[in-house]
2 protein chains.
Amino acid sequence: MSLKHAVLALLEAEEGSGYDLLKRFQARLGYFWNASHQQIYQQLKKMHAEQLIEFEVESQTDKPDRKVYSITETGHEELLKWMSQPVKPNKVNDALLVKLYAGELVSPEQLQAEIAHHRTRHQNTLNTFLAIEAEYLASPAAEQKTLQLPYLTLRRGILGEQSWLNWADEVEAALLKRTSAEATKR
Amino acid sequence: MSLKHAVLALLEAEEGSGYDLLKRFQARLGYFWNASHQQIYQQLKKMHAEQLIEFEVESQTDKPDRKVYSITETGHEELLKWMSQPVKPNKVNDALLVKLYAGELVSPEQLQAEIAHHRTRHQNTLNTFLAIEAEYLASPAAEQKTLQLPYLTLRRGILGEQSWLNWADEVEAALLKRTSAEATKR
DNA sequence: ACCCGATATGCAATAAATTGCATATAACCC
DNA sequence: GGGTTATATGCAATTTATTGCATATCGGGT
């Protein structure tokens, strides 16, 4: 999988500890890559064994020690190699849609509640993304240029979330009609 | 994971063999759930051990035998239980975006080629979805009503693919500018 | 004083997914 | 006749991801 390559990409930009990487995954790749701390620590261990990365232990007096990882020449080559090969399309697995698909088994109200819950999440995510975008657009032209590619990934997040919310509108409208149809039957 | 519940949802609607389920995943849940034949066969085996499903062997003279699975009462209950609990949000892992994020390492042309390749795939998927939608919209009102929820999942697919293509337009425009900027430098 | 959250890392066990291999028939095209 | 695709199923090994537990410090709130 390409958790390995996501880590290499992050370390290529800047060295960091496992915890740093976790935070960077959450803050910067949040929309398109999710990894737990377990996944990251295990992956780092494995990548170190493969000599793709190296680390130095940084003693800290106040907090626990941290291992600061950086990419090696081998790791850099591996990343370049990966970059030049076509990536395979994503596997999509969306449990919410499975639930909607089989939604006849429960009440429209229950489906509505579920959608509403996810809507809140998606709306919050979108708001976060829009705030980051506003910051980017307010930055100097030179910085915008260097961050253009990460910005484009952010755009994917924004368009994706907006699309999700538009879909939720459709679903909620359809479920509302179902609810009233059911009420009429009684 | 809820591959289990996706299988239960499919068997709830109609019994079928492993191969049938594979085809149904591809044809009907294609946008939102992907499973390999290995995953399905292994899952069926496990679910049979858990007594969520049962099967009858159907001998066929011309083709290999098939095991026709159907949902049990226990399986039905398990599905209902799952339906009534909130599903957790999806984990997104999009390798293409990782590549774009680290895109400074390769030429804009290479990124363009990669995007173009994915664009073709997404456009084809969208066309397929639109054809299914046209069929749905041409069906009698009664059928539209019974298939409304699956139709809403299809809508997710359509809106999602359209959103992806809109994003690809943005990316391609941005990459084109990069290419010409690079050409000017020389 | 005590609990909680953030920082910081990791082991061990289990569960899930992928990859590679394996078999067998029928239909269709070249 | 030979190759490919579709039907139909499965084992075994490996890789990945998840879950549960464990440790340790600091700062802030109650």
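The chains referred to below are lettered A, B, ... by the order of the sequence lines, with proteins before strands, and numbering in each begins at 1.
- Near-neighbour residues of DNA chain C inside residues 35-50 of chain B, defined by a heavy atom below 4.0 Å, number-ordered: Q38(B), Q39(B), Q42(B), K46(B).
- Side-chain N or O atoms of Q39(B) include one that pairs as donor or acceptor with a backbone N or O of S36(B) at under 3.5 Å.
- Across its full length, the helix from dA1(C)-dT30(D) to dC30(C)-dG1(D) shows an angle of 30° between the axes of its 5 terminal pairs at either end, rounded to 10 degrees.
- Candidate nucleotides dA8(C), dT18(C), dA17(D) were compared by shortest atom distance to the side chain of L3(A), and dA17(D) ranks first.
- Between the side chains of Q162(A) and N166(A), no donor N or O sits under 3.5 Å from an acceptor N or O.
- When the P atom of dG10(C) is taken as reference, atom CZ of R66(A) falls 12 Å away, rounded to whole Å.
- Along DNA chain D, the nucleotide nearest N93(B) and the nucleotide nearest V68(B) are compared for position; the residue whose nucleotide lies closer to the 5' end is V68(B).
- For H117(B), there are no side chain to side chain contact (heavy atoms under 4.5 Å, CB included) partners at least two apart in sequence or on another chain.
- For Q148(A), the side-chain hydrogen bond (donor to acceptor under 3.5 Å, both in side chains) criterion is met by R178(B), not counting sequence neighbours.
- Note: CD (Q26(A)) to C1' (dT7(C)) measures 12 Å, nearest angstrom.
- Sorted by first and then second residue, the pairs that involve residues 149-164 of chain B and meet salt bridge (Lys or Arg N to Asp or Glu O under 4.0 Å), not counting sequence neighbours, are E170(A)-R155(B), E133(B)-R155(B).
- Among residue pairs with one or both ends in residues 158-177 of chain B, those qualifying as ring-ring contact (aromatic ring centres under 6.0 Å, His included) are H122(B)-W164(B), W164(B)-W167(B); sequence neighbours excluded.
- For the pair D20(A) CG and dA8(C) P, the computed distance is 7 Å after rounding to whole Å.
- For dT18(D), neither phosphate oxygen OP1 nor OP2 lies less than 4.0 angstrom from any side-chain nitrogen or oxygen of K88(B).
- Counting only residues at least two apart or in different chains, salt bridge (Lys or Arg N to Asp or Glu O under 4.0 Å) contacts with residues 67-79 of chain A are absent.
- Between the NZ atom of K4(B) and the C1' atom of dT18(D) there is a distance of 15 Å, given to the nearest Å.
- Summarising the geometry, the separation between NZ on K91(B) and C1' on dT19(D) is reported as 13 Å, rounded to the nearest angstrom.
- We find that CZ of F55(B) is positioned 14 Å from C1' of dA8(D), with the value rounded to whole Å.
- Qualifying side chain to side chain contact (heavy atoms under 4.5 Å, CB included) partners for V87(A), counting only residues two or more places apart in sequence or in other chains: W82(A), A95(B), L96(B), K99(B), E114(B), H118(B).
- Rounded to a whole Å, the NE2 atom of H5(A) is 10 Å from the P atom of dT16(D).
- Picking from dA17(D), dT7(C), dA8(C) the nucleotide with the shortest atom distance to the side chain of S17(A) gives dA8(C).
- Residues Y31(A) and L154(A) are not in side-chain contact: their nearest non-hydrogen atoms beyond the backbone lie 4.5 Å or more apart.
- Near-neighbour residues of DNA chain D inside residues 8-16 of chain A, defined by a heavy atom below 4.0 Å, are absent.
- Side-chain nitrogen and oxygen atoms of Y19(B) include none within less than 4.0 Å of the OP1 or OP2 phosphate oxygen of dT9(D).
- Contact annotation: K67(B) side-chain N/O to dG10(D) OP1/OP2 distance is under 4.0 Å.
- Every residue two or more places apart in sequence or in another chain that forms a side-chain hydrogen bond (donor to acceptor under 3.5 Å, both in side chains) with R28(A) is listed here: Y101(B).
- Qualifying salt bridge (Lys or Arg N to Asp or Glu O under 4.0 Å) partners for R119(B), counting only residues two or more places apart in sequence or in other chains: D169(B), E172(B).
- Between K23(A) and the phosphate of dT7(C), there is a side-chain N or O to OP1/OP2 separation shorter than 4.0 Å.
- Evaluation of the salt bridge (Lys or Arg N to Asp or Glu O under 4.0 Å) rule for E54(A) yields no partner, not counting sequence neighbours.
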